[in-house]
Amino acid sequence: MSGLPKFYLTTAIDYSNGDPHLGQALEKIGADCIARYRRLRGDAVHFLMGMDEHSQSVIQAAARAGVTPAQWVGRMADTFAGYWRRLHCSNDDWIRTTEPRHARGVTALLERIQQRQPGDLFVADYEGLYCTGCEEFKTEAQIVNGHCIEHPTLELIRTRERNHFFRLSAYRDAVLERIRSGALAVEPQIRRNEVVRLLEDGLQDISISRQRQAWGIPFPGDTEQTVYVWFDALTNYLSATGFPDAGYERLWPADLHVVGKNITRFHCIIWPAMLLAADLPLPRAVRAHGFVLWEGTKMSKTAGTAVTLGEAIDRHGADALRYFLLREVGFDNDGEFTWERFDARYSSELADTLGNLVKRSLDMIHRYRGGVVPRGTGALDEAALGLIGAYQRAMDAARLDEGAAHWMQLAARANGYIQETLPWELAKAGKDAELDHVLASLARTVGRLAVLGLPFTPAAAATVWGLLGGSGPVEGVRLGELETFDPAGRQVAKPPILFPKPKAAPA
RNA sequence: GGCAGGGUAGCUCAGGUGGUUAGAGCACGGCACUCAUAAUGCCGGGGUCGCGGGUUCGAGUCCCGCCCCUGCUACCA
């Protein structure tokens, strides 16, 4: 790890309720794509994912299921982690906010702020509408016609509660300066504009503790209260580094927080302010992704007709879903998911362009050269290096859809090259030297495609790398090696069909 | 209401600082080829560049007005 540039990236931690959906999958896949790409570049990547388990809804969900909250969140964590494994997420760590290491981190962060900026934590009254059914305060969005959505027969009570507060207002200028200067990069631009605007309007202090909630981290020095959402959830990024134990600086600050566009402000305002108060370095960048839409509406559990994540994976496999979400849906903007589009992309690009190229190339090496890659040069290399450059520029800027497009363009170019050089004609005419050049070019291209495709379709990348007789896992390859990559002399395996097309389109 | 972004071929989108016949992919039609997952390649049809004015020799690209869509407008992750 020493010597290599450190790259610590995180995803938002998910609520412990229900199954993950496509929108959450997009975030994890996007972050994983970035993580895998950074590893290809040679960065010392540390990729964190995890679960947010202290929400009030956990208690109710557990009660409904007849289990303890701890059992409930354990189940949920297993469910989520299972999906992320199926999607080939390569996270190095997995944090749950109910873990002792996280409670220690949260406590230590609060104590550190208390120590360095004692005036920034203070006790005051929080006033809000309290639902006796839910036993919690309700926000405007949770109130319909003056009643709690879940308990419309109960009256909401205007209640005051003594809570611990954080002097968020004191950090407006400092946070604004960090964002304006780019020290804290907020991307894409539209999210940065929104956050800057919010900061310009000014900030209010926020309450950071709650009474009557046993399910949570005890507030330091106040056994009556537990730490409220912000300080609990956001701190996971820090507590996962081992903070406050020595050595956490090896990872902190985070290089990139990947979050949904709906929670950018927490990551770009409250979180930086917390860190400033604690005199800790700020994350370098926050990237907000868009949502996956289904028939024009946001993907969520309440949208009954929406596709489930399991169905989407089952359709054509995890690689295909990853590719589709990153290529067609995109990461920065909202994008539509439909079976028609998914099937079309899968068929025309993964199966016909890429999968077919791999198959026909390796089949010809078997048919004409007994499966041994010949030595030779070819015009394809020049195009390949150009496209690899374009790919890198796009991926460096986290424009994942563009990166995927350049990757696929290389496969398309190789198909065109075959049509131009007509290797079967060369074989018939006995033009062995020319045929060697063509087949060698194709073998190099297939290998490069395997490496470039790793961030998008990791399973297929490993398969293709293996077919080419690559030594060691494809994850061990570095982008810098691609220019001189040459599998000449290797025995290649008989190629399978990488992305099989269903006979009839499933309904 | 305020602020921000967007409305370009059937669909998804590219189109730095204004300049010859507005591009790509998919889908569609024709042709070629056979190594390959009836796969590949080539050619082609298809667009009042949201609407209306203006600046300019010339605007999708600048200015004004209008219409429509999306996001943000803070203690829900």
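In what follows, chains carry the letters A, B, and so on, assigned in the order in which the sequence lines appear, proteins first and then strands, with residues in each chain numbered from 1. What you are looking at is a predicted structure, and each value in this text was computed from that prediction instead of being measured.
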What integer number of Å spans the [atom1] atoms of [N] and [M]?
N	M	atom1	answer
B:A4	B:G47	P	36 Å
B:G18	B:G2	P	30 Å
B:U17	B:A59	C1'	14 Å
B:U37	B:G50	P	45 Å
B:A24	B:A14	C1'	7 Å
B:G54	B:C42	P	45 Å
B:A38	B:C49	P	42 Å
B:G25	B:G58	C1'	31 Å

Touch check for [X], heavy atoms < 4.0 angstrom, all strands: base, sugar-phosphate only, or nothing?
X	result
A:Arg265	base
A:Phe499	base
A:Glu420	nothing
A:Leu203	base
A:Val195	nothing
A:Gly416	sugar-phosphate
A:Arg191	sugar-phosphate

Over how many whole Å does the gap from [X] atom [atom1] to [N] atom [atom2] extend?
X	N	atom1	atom2	value
A:Leu354	B:A39	CG	P	16 Å
A:Asp352	B:G41	CG	C1'	13 Å
A:Arg345	B:A24	CZ	P	16 Å
A:Ile270	B:A74	CD1	C1'	7 Å
A:Phe324	B:C13	CZ	P	11 Å
A:Tyr228	B:A74	OH	C1'	12 Å
A:Arg327	B:A14	CZ	P	11 Å
A:Asn333	B:G7	CG	C1'	14 Å

A:His316/A:Phe342 aromatic ring centres below 6.0 Å: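 Between A:Phe342 and A:His316, which both carry aromatic rings, the centre distance is below 6.0 Å.
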Are A:Phe231 and A:His164 close enough that their ring centers fall under 6.0 Å?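 Centroid separation for A:Phe231 and A:His164: 6.0 Å or greater.
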Most 5' of A:Glu349 and A:Pro500 on RNA chain B, judged by nearest nucleotide: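 Nearer the 5' end of the strand: A:Glu349.
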Relative to the 5' end of RNA chain B, which residue comes earlier, A:Asp52 or A:Asn193, by the nucleotide with the nearest heavy atom?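 So the residue in question is A:Asn193.
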Hey, does the Lys NZ or Arg CZ of A:Arg210 hover above the aromatic six-ring of A:Tyr126, less than 6.0 Å from the centre and inside 45° of the axis?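 Yes, a cation-pi geometry holds between A:Arg210 and A:Tyr126.
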Would A:Arg345 count as a cation-pi partner of A:Tyr323, with NZ or CZ less than 6.0 Å from the six-membered ring centre and within 45° of the ring normal?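 Geometry flag: not set, cation outside 6.0 Å or 45°.
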Does A:Ser207 make a side-chain donor-acceptor contact with the base of B:C75, cut-off 3.5 Å?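 When only heavy-atom distances are counted, A:Ser207 does reach the base of B:C75 through a donor-acceptor pair under 3.5 Å.
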Which of the following nucleotides, [options], is nearest to the side chain of [X]?
X	options	value
A:Tyr126	B:G71, B:U12, B:C75	B:C75
A:Ile190	B:U73, B:G5, B:U37	B:G5
A:Ile206	B:U12, B:C75, B:G2	B:C75
A:Ala351	B:A27, B:C3, B:U37	B:U37

Thinking salt bridges, do A:Arg162 and A:Asp125 make one under a 4.0 Å N-O criterion?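 Salt bridge between A:Arg162 and A:Asp125, a charged N being under 4.0 Å from a carboxylate O: yes.
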Using a 6.0 Å cut-off, check whether atom CD of A:Glu177 has over 12 heavy atoms from anything other than its own residue.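 Enclosed: over 12 neighbouring heavy atoms sit under 6.0 Å from CD of A:Glu177.
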Should the heavy atoms of other residues, nucleotides or ligands under 6.0 Å from CD of A:Glu382 be counted, would the total exceed 12?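 Counting neighbours around CD of A:Glu382, 12 or fewer heavy atoms of other residues, nucleotides or ligands fall under 6.0 Å, so no.
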Heavy atoms only: give me the nearest A:Ile13-A:Ala233 pair and the separation to one decimal.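 The pair with the smallest heavy-atom distance is CD1-O, 3.7 Å.
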Classify the side-chain pair A:Gln24/A:Tyr83 by whether it contains a donor and acceptor separated by less than 3.5 Å.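 No, no side-chain donor-acceptor contact under 3.5 Å.
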Quick one: are A:Phe331 and A:Val258 in side-chain contact, heavy atoms under 4.5 Å?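 Answer yes - side chains close enough.
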Do the non-hydrogen side-chain atoms of A:Ile208 and A:Asn163 ever get within less than 4.5 Å of each other?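 No - every pair of side-chain heavy atoms lies 4.5 Å or more apart.
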Taking distance alone, no hydrogens or angles, what donor-acceptor pairs closer than 3.5 Å link side-chain atoms of residues 354-361 of chain A to residues at least two apart or in another chain?
unit_1, atom_1, unit_2, atom_2, d
A:Lys359, NZ, A:Asp363, OD2, 2.8
A:Arg360, NH1, A:Asn415, OD1, 2.8
A:Ser361, OG, A:Leu357, O, 2.7

If you restrict it to nitrogen or oxygen atoms, what contacts under 3.5 Å exist between nucleotides 29-36 of chain B and the protein, and what is each distance?
unit_1, atom_1, unit_2, atom_2, d
B:C35, O2, A:Arg360, NE, 3.1
B:C35, N3, A:Arg360, NE, 3.4
B:C35, N3, A:Arg360, NH2, 2.6
B:C35, N4, A:Arg360, NH2, 3.0
B:A36, O2', A:Asn356, OD1, 2.4
B:A36, N1, A:Arg360, NH2, 3.3
B:A36, N3, A:Asn356, ND2, 3.2
B:A36, N3, A:Arg360, NE, 3.1

Which dot-bracket notation, 5' to 3', represents the base pairing of RNA chain B when pairs are defined as Watson-Crick or G-U with both distances under 3.5 Å, crossing pairs as [ ], and inter-strand pairs as |? (((((((..((((.....[...)))).(((((.......))))).....(((((..]....))))))))))))....
